[in-house]
Structures are given as C-alpha cells and as structure tokens.
Protein chains: 2
Amino acid sequence: MLGRTQVDVKVDFYSGKIKFMKSTPYHHGALRDALLAAAETVLRRDGLPGMTLRAAAREAGVSHAAPTHHFGDLTGLLTALAADGFRRFGEALRAAVTAPDARRWDGARAYIAFAVANPALFQLMFRTDRLDDANESLRAARLHALQHIAAARHMPATDLSVAQLGEVLGGWALVHGYTLLLLDGRLAGLPRLAPEGTTADALLDAMFAAADAGRAGPRRHD
Amino acid sequence: MLGRTQVDVKVDFYSGKIKFMKSTPYHHGALRDALLAAAETVLRRDGLPGMTLRAAAREAGVSHAAPTHHFGDLTGLLTALAADGFRRFGEALRAAVTAPDARRWDGARAYIAFAVANPALFQLMFRTDRLDDANESLRAARLHALQHIAAARHMPATDLSVAQLGEVLGGWALVHGYTLLLLDGRLAGLPRLAPEGTTADALLDAMFAAADAGRAGPRRHD
DNA sequence: GCGACATCTTTACAGTGGAAAGATATGCTG
DNA sequence: CAGCATATCTTTCCACTGTAAAGATGTCGC
C-alpha cells in the first residue's frame, strides 16, 4: 500500500451530483493510539528488530512520516510503547502482590508471566539504549510499577536499612535475571541436567526454595 | 576514505626502475582478526547500535564489503565477537573461581566486573536475537564459560539434584539480573533510598548477605 | 609460467530514519 | 458564517545501512 487515501466515486441520491469521497479520511482522528497499537502488533509479530517506524506506519495504514508528528522519532515511539508496557506491568504486579491470599513469590511469578506473555515488549522496557530515559511518562510509569517490588516484601518505599535494601535488591535481581535468561533461551538446556522428568516450573520452585533456605520453617515458601 | 589502496611512487635503487608500490597491500593478511579488533573498538566507542558492518570495515580501513568473506553477514561478525567475549569471560571467571583464597561470591564479582569493563560486549553476548545461536564456536565458548558458574558453588557439571540445580540457577539469576540492571542504569537511584553515605558496593554486599541469610554462621559470607 | 583459488574493491539496490515542504482538515475568531 | 491559523497527514528527498554480484588483485600449487 502506497498510502491510505483511497478515492471512491459516489453519486448523491438527492442532488444527482458525482462526489469524490475518500473511504479513509485524511485526518485519522486517533492516530496516536492507533500507532501505538500497530507498533505493539509489529513488536509482537516481528520482534524488536522488526519494529521500525515505517513498519508501524504501514501496520496503521498511514504514511511513513505520520508518526513523526506524534512521537518525534523512533525513540519517542519506543518510549511511549515502553511506558504503556510499564503501566500494564505495574497493574499486573499490583494485582499479584495485593491479592488477599498472595504468597511470598507470587509477585515474582507475575513478573515472569508478564515477560513471557510480552517478551519483546518486556525486553524493550529494559533496553535503555533504545529509550528516552528523560521522558517523564516513562519515568513515572516505571517508578510506579517497580515500587510493587518493595511492596512484595512488605517493605516501605523509603527509609530502608541497608540490609532491607539488600533483600529487596536481591529479590528483584533474582527474578529479573531469571526472566531475562529465560527470554534469551539460556535456560532451555537446564532440565536436561536435572533428574528425568524435571519441569522448568519445578526448577523455578527449586530456585525460590534455595533463596528461602534458612527462613523460619513454617513460613518457608508459604 | 574511499578505499585503503594508496599508491606510492618509489625508485628501485639498484635497477633504477620506477616502481608503483602500494603503501597498503591489497591483501591485508590478517583481516579477520583486524576486523574483530576494529569491531570491538567500535562497540566500545559507539555501543551496539553504532556497531555496523560498515563502521567496522571503516575502522579497519578496508572496503565495506570486505567483512563478508570472513563473516558472511553482520550476524556472523557479531557472533564471532560474542564468542571471543565468552572466551575471555570464561577465563576471568575461571581465574576468580579457582583462586586459592577464593571466597563464596568472588565468581559473582568477577562476573559483574567483566560486564562493567565490557558493557556493550556483555550485552551482546546475551542478545540472542543478534547472534547465530547455532554457531559451534559460540556454543562451545559459552558452554565453557558458564560451566564455571556451577564450579563456583563447588558443584558438578552433571547429575545434579533438583535442589542443587535450584541453588546454581538462583546464584546465576541473581548475579545476572544484578549485572543487567546495573548496566541498564536501573540501580543508579538506589543509594539515595539507603542511609546517607551508602555506596553501591555496600549494597552489593548487602545483597549477597541477604542471599546468604540462614547459612551456617561462621561460613556466612566468608 | 600459469591457472585455480582466496581475498579485497566497486557497483548496485532495497530498506531504514529523519528533514523539509506541501496538502488537507479542524477549530477559533471576527 | 467566512476566513484564517493551526494541527494533522502525505510526498519527496537525502544519507546511511546490509547484502548481492561482478570485477580486480594477489597467492599458491602444479
């Protein structure tokens, strides 16, 4: 498609005049949202390498320069995409952490589940070199989402001791590292090293159990 | 520079003949290694986005199509770069883990130190979408390097129990996650949350201490 | 010598991000 | 309701990229 402006010829019933109507209006109306949706479609289908400005524009059915007005450049579009991702990510974490029967690692499982459900988006969210780190929308969405990590350990967002911060940091790093190794396919060979029939999920449980080693017996991996 | 073949005019002292000598030979002789070195220079200077086939060729002073013969395509060059990175990475891990006075987390510190010293290279090494995962050289170098992770926990490379595998996986995920969060600048704001004067290194120690919580007292963080 | 081969350059092409200018619709002001 | 400023979108253009293909140049075995 070379452009989305297609001309249809119509005849006005009453006046009899021939009218040249455009089947798609020159002004889209909600192009910003449409472009974000299109970009995410492309991201999901072709991965981050395939997510180009022009591919997103094609998917949305507009000219390749249309995104410029709304997002400035490619970095701007990716940043908006990442910010939206962090909003949904934060919501998923919040739901998991604040559930009444939430167990110790449920936030972590939600963290991993979001990444598995949106692999390319998740990787983009943590790929600083492709994002505008100064963007306020991104910063706010990210901060809001990541605060649930401390909340998952029942810790305040400020005034933590060094030991507390070490524990929160450790939990985050553990889950984040597992997630990225998983997305990079680096864990695919692990079950082969384990006893016959060990599933990836069982390994994740074992990892959490190892992290919990030494905690009070009854609360262990509750 | 349009090419690296420059012609110098020289006079042969004995024969008196005029000779057209090229100051740079048509055949480089060791272009493969030179290209790898040039590529790493570019990678270090301009990051992964700036590491293009043509940039590496420019840096090495050859035509932009010269790398094709040695590496096939861009993925091939990046794969060779990553394989070389894994070899050096493995050597660094081996040295840290096998040192006679090696402490429990010294392998982890070497892991982080390598990434900090070679940030773009390290990120490339774990960016599967840019590499040829089927490449034997890469697979061998990576396998060899990562085996030191199990060694750091004094565990065999095969026949592990699920619990052992969970501990190894946990250690790897913890350190890998910390490393990537650090490289992505995601930890820059953490010291501000901690008590006045807390350094990033103290936080890392706290993270290791939290991971060691519950281990036998005297051996704790030895 | 001399021909097969490896190595490197030149040329060409489709794709990309981005700048600039033009086209078209919308909304505001009188 | 007319007309104009502005927002939105398209067209055109340029420099850069990866890659393919063909040509140039050197090396080596026979």
Between [atom2] on [N] and [atom1] on [X], what's the gap in Å once rounded to a whole number?
X: B/Arg58; N: D/dG18; atom1: CZ; atom2: C1'; result: 13 Å
X: A/Leu31; N: D/dT8; atom1: CG; atom2: P; result: 10 Å
X: A/Leu35; N: D/dT10; atom1: CG; atom2: C1'; result: 14 Å
X: B/Leu74; N: D/dA20; atom1: CG; atom2: P; result: 12 Å
X: A/Arg32; N: D/dC9; atom1: CZ; atom2: C1'; result: 16 Å
X: B/Leu53; N: D/dG18; atom1: CG; atom2: P; result: 5 Å
X: B/Phe71; N: D/dG18; atom1: CZ; atom2: P; result: 14 Å

Please list residues of residues 75-83 of chain A whose heavy atoms come under 4.0 Å from any atom in DNA chain C, ordered by number; otherwise none. none
OP1 or OP2 of [N] under 4.0 Å from side-chain N/O of [X]:
X: B/His69; N: C/dC8; result: no
X: B/His70; N: C/dA6; result: no
X: B/Ser63; N: C/dC8; result: no

Taking only the side-chain heavy atoms of B/Asp73 (C-beta and beyond), determine which of D/dT19, D/dT10, C/dG17 contains the nearest atom. D/dT19
All ring-ring contact (aromatic ring centres under 6.0 Å, His included) counterparts of B/Phe126, not counting sequence neighbours: B/Phe86, B/Phe122, B/His176
All pairs passing ring-ring contact (aromatic ring centres under 6.0 Å, His included) where residues 38-76 of chain A contributes a residue, at least two apart: none
Are there any protein N/O atoms within less than 3.5 Å of an N/O atom in nucleotides 12-14 of chain D, and if so, which ones and at what distance?
unit_1	atom_1	unit_2	atom_2	d
D/dT12	O4	A/His64	NE2	3.1

Considering residues at least two apart in sequence or located in another chain, which fulfil the side chain to side chain contact (heavy atoms under 4.5 Å, CB included) criterion with [X]?
X: B/Ile149; value: B/Tyr111, B/Leu146, B/Val168, B/Trp172
X: B/Ala117; value: none
X: B/Ala151; value: B/Val97

Apply the side-chain hydrogen bond (donor to acceptor under 3.5 Å, both in side chains) test between B/Glu91 and each candidate in B/Arg87, B/Arg88, B/Arg94; give the one that qualifies. B/Arg94
The helix from C/dG1-D/dC30 to C/dG30-D/dC1: angle between end helix axes, five pairs per end, rounded to 10 degrees: 10°
With sequence neighbours excluded, residues passing salt bridge (Lys or Arg N to Asp or Glu O under 4.0 Å) with B/Glu167: none
Only counting residues at least two apart or in another chain, list the ones meeting salt bridge (Lys or Arg N to Asp or Glu O under 4.0 Å) with B/Arg127. none
Tell me, please, which residues at least two apart from B/Asp106 pass side chain to side chain donor-acceptor pair (under 3.5 Å). B/Arg103
Going by side-chain hydrogen bond (donor to acceptor under 3.5 Å, both in side chains), name the pairs with one or both residues in residues 138-153 of chain B, residues two or more places apart or in two chains. B/Asp133-B/Arg142
CG of A/Leu203 to CG of A/Leu187, rounded to nearest 0.5 Å, is 8.5 Å
